[in-house]
Amino acid sequence: MSTMLDDKTRTIVSACVPALEAHGLAITQEMYRRLLANPEIRDLFNMSHQKDGEQPKALALAVLAYARNINNLGALGSMVERIAEKHVGLNILPEHYPFVGEALLGAIAHVLGDAATPEIMDAWGKAYWFLADVLIGREKQIYHDHAEAPGGWTGWRSFTVRSIVTESSTVRSFALVPSDNKPVMLHKPGQYLSFKLDIPEHGSQRRNYSISSAPASDHYRISIRKAEGGVVSSWFHDTVREGDTLMVSAPAGEFIYDPSKEEKTMFISAGIGLTPFISALGLIEQQPGPTRFVHGTHAADTEAFGAYIQALAAKGIVRADIFYSTGLPHKASATSGLARHAGRINAEWLSTQIEPNTTYRICGPDQFMLDVIKALKAQGVRTEQIHYEFFGSASDAQLLAAA
């Protein structure tokens with residue numbers, strides 16, 4: 001169990017907030033430069049988030065949030081849980097934490113120079129290891145739960161690609177079964193799988209993809225959009241074939257949908273952000289409830305799972321609204337329970353859709369989620385009614401700081 005931080009340490013860390021506001025990004029950039037010099041540590045990271053600068057920015061905001069809330073760490077509970085789940089998906093272990101601590105403290109000293117007094121360095125060392133111990137403890141519990149679950153496992157497990165289905169002009173689904181033909185643990189809608197990949201000319205890669213299938217004990221399905229310039233998504237689309245094997249870790253993530261805990265639910269997504277909601281809808285098919293499905297796509301040819309949503313709407317399982325940013329499809333047939341709209345999901349339209357006792361679940365590009373959250377809050381929707389998921393490296397701090 002972590003030793004609570006003493007008053008002196010918390011006071012010093014809190015006093016560092018202005019310095020983090022001014023130099024936080026430089027510190028995390030320097031930290032990653034040091035950390036990624038170690039090939040064994042570098043292989044644990046999604047390197048695309050280093051190239052586009054997402055990871056250092058997200059970490060800088062997370063460190064700033066930690067310092068701002070050092071006297072109220074309960075406010076960071078959801079962010080800590082999100083990090084722990086991501087770490088478990090990537091098989092981060094206790095022995096990795098000293099490398100991160102050394103890189104972070106070295107970066108603070110490097111960037112702040114003479115301002116990084118021995119007192120400040122001592123306080124940040126204690127603060128880092130306090131948080132590290134919290135994460136290590138939580139991750140140990142998650143690993144244990146995975147090992148004990150029926151069909152569960154820890155570490156990397158070999159899966160075979162059973163089938164590949166084209167969902168749209170940009171999205172393909174990959175059904176995965178365990179290569180040992182044994183059962184798999186039931187995932188919870190909203191969780192993701194993490195992959196350890198070795199891609200020719202790009203080396204070791206790590207990625208997370210939301211599970212898009214309903215919970216089942218024999219397989220998982222992921223649905224991947226081919227991103228322009230995306231090394232891993234292009235590899236999946238262009239190279240992976242039925243019968244290939246992939247190394248996969250157990251389902252992880254805290255963006256979990258439980259219909260028994262939500263009186264009414266509105267899923268709001270854009271682009272490939274619909275995948276965790278497709279998994280949830282597979283569960284709702286078995287336990288229908290008052291559910292809204294709101295989704296934005298570019299055009300009819302990019303609309304993944306369109307026929308599936310149309311069928312659910314026709315059966316009265318969901319009430320759906322689909323937005324097409326380039327205009328309505330020319331040959332769209334009328335479907336009971338489904339409305340099609342030209343344009344994008346916007347605040348004005350959302351303001352007419354607010355219903356009491358509703359949980360709003362949001363997934364898509366970061367700016368889309370931010371816009372939706374702002375629109376909901378402007379209508380008086382409480383923070384505890386709003387849940388969202390990130391595909392990239394963005395943190396709670398990054399989104400909520402701007403909301």
Side-chain angles (χ1 to χ4, degrees), residues 168 170-171 190 210 225 255 257 262-278 280-281 284 289-310 312-314 316-392 394-403:
S168 76
T170 58
V171 177
S210 291
R225 179 181 69 87
F255 185 58
Y257 170 70
E262 298 180 13
E263 184 174 333
K264 291 186 289 188
T265 305
M266 179 184 285
F267 298 116
I268 308 173
S269 60
I272 197 61
L274 86 172
T275 49
F277 303 152
I278 296 299
L281 292 177
I284 291 168
T291 303
R292 296 285 304 279
F293 180 83
V294 179
H295 179 64
T297 189
H298 184 65
D301 71 299
T302 63
E303 182 184 0
F305 299 101
Y308 176 62
I309 298 302
Q310 184 171 325
L312 293 183
I317 294 174
V318 300
R319 211 168 101 223
D321 291 90
I322 309 298
F323 287 74
Y324 303 87
S325 60
T326 59
L328 290 172
H330 295 299
K331 297 181 180 180
S333 58
T335 300
S336 175
L338 187 152
R340 294 183 174 89
H341 310 265
R344 301 179 185 276
I345 301 169
N346 58 74
E348 182 179 1
W349 182 84
L350 283 171
S351 70
T352 68
Q353 306 300 311
I354 305 302
E355 297 180 1
N357 304 317
T358 297
T359 298
Y360 299 87
R361 293 187 163 272
I362 309 159
C363 193
D366 290 350
Q367 189 58 51
F368 166 80
M369 292 193 293
L370 178 58
D371 291 342
V372 171
I373 290 171
K374 285 183 175 179
L376 293 175
K377 287 188 173 182
Q379 298 303 315
V381 177
R382 301 188 309 276
T383 300
E384 58 267 27
Q385 293 175 262
I386 301 172
H387 302 270
Y388 47 89
E389 172 70 313
F390 295 109
F391 279 98
S395 67
D396 282 324
Q398 183 172 351
L399 191 62
L400 295 180

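Atoms considered below: every heavy atom in the structure, side chains included; atoms not considered: hydrogens, waters and symmetry mates.
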> Listed by chain and number, what are the side-chain hydrogen bond (donor to acceptor under 3.5 Å, both in side chains) partners of T335, not counting sequence neighbours?
Replying inline: Q310
> Got a sec, which pairs hit salt bridge (charged side-chain N to carboxylate O under 4.0 Å, His left out) with one end in residues 319-329, sequence neighbours left out?
Replying inline: R292-D321, R319-E355
> Going through the checks in order, is the side-chain contact (heavy atoms from CB on, under 4.5 Å) test met by I268 and F368?
Replying inline: CA-CA 10 Å; I268 308 173; F368 166 80; 3.9 Å; yes
> Who pairs with H341 by ring pair (Phe, Tyr, Trp, His ring centres under 6.0 Å), at least two apart in sequence or on another chain?
Replying inline: F323, W349
> Would you call L350 and I345 a side-chain contact if the rule is heavy atoms closer than 4.5 Å?
Replying inline: yes
>> What I'd like to find out is whether the side chain of S168 reaches to under 4.5 Å of the side chain of R225, using heavy atoms alone.
In response: no
> If you take all heavy atoms of P276 and C363, which pair is closest and at what distance?
Replying inline: CG-SG, 4.1 Å
>> Restricting to side-chain hydrogen bond (donor to acceptor under 3.5 Å, both in side chains), what partner residues turn up for T302, sequence neighbours left out?
In response: T297
> How far does CD1 of I386 sit from CE of M266, to the nearest 0.5 angstrom?
Replying inline: 12.0 Å
>> Going by the rule side-chain hydrogen bond (donor to acceptor under 3.5 Å, both in side chains), which residues pair with D301 if we only count those two or more places apart in sequence or in a different chain?
In response: S169
> Any idea which heavy atoms bring G327 and A342 closest together, and the distance?
Replying inline: CA-CB, 4.2 Å
> Of all heavy-atom pairs between E389 and F255, which one has the smallest distance, and what is that distance?
Replying inline: CB-CD2, 3.2 Å
>> Going by the rule side-chain hydrogen bond (donor to acceptor under 3.5 Å, both in side chains), which residues pair with E348 if we only count those two or more places apart in sequence or in a different chain?
In response: none
> With sequence neighbours left out, what residues match R361 under salt bridge (Lys or Arg N to Asp or Glu O under 4.0 Å)?
Replying inline: E262
>> Please evaluate residues L281 and F305 with respect to the criterion side-chain contact (heavy atoms from CB on, under 4.5 Å), reporting the C-alpha separation (whole Å), side-chain torsions for both, the decisive distance (0.1 Å), and the verdict.
In response: CA-CA 11 Å; L281 292 177; F305 299 101; over 6 Å; no
> Sequence neighbours excluded, which residues qualify as ring pair (Phe, Tyr, Trp, His ring centres under 6.0 Å) partners of F267?
Replying inline: Y257, F277
> Taking it one step at a time, do S325 and H298 satisfy side-chain contact (heavy atoms from CB on, under 4.5 Å)?
Replying inline: CA-CA 5 Å; S325 60; H298 184 65; 3.5 Å; yes
> What residues form a side-chain contact (heavy atoms from CB on, under 4.5 Å) with I354, not counting sequence neighbours?
Replying inline: Y360, L376, Q379, V381
> With distance as the sole test, does K377 use its side chain to make a donor-acceptor pair with the main-chain N or O of T383 at under 3.5 Å?
Replying inline: no
>> Minimum heavy-atom separation for S269 and H295, please, with both atom names.
In response: OG-ND1, 2.7 Å
> Going from CD on Q385 to OG1 on T265, what distance comes out if it is rounded to the nearest 0.5 angstrom?
Replying inline: 11.0 Å
>> Going by the rule side-chain contact (heavy atoms from CB on, under 4.5 Å), which residues pair with A300 if we only count those two or more places apart in sequence or in a different chain?
In response: P329
> If we only count heavy atoms from C-beta on, is the I278 to I309 side-chain gap below 4.5 Å?
Replying inline: yes
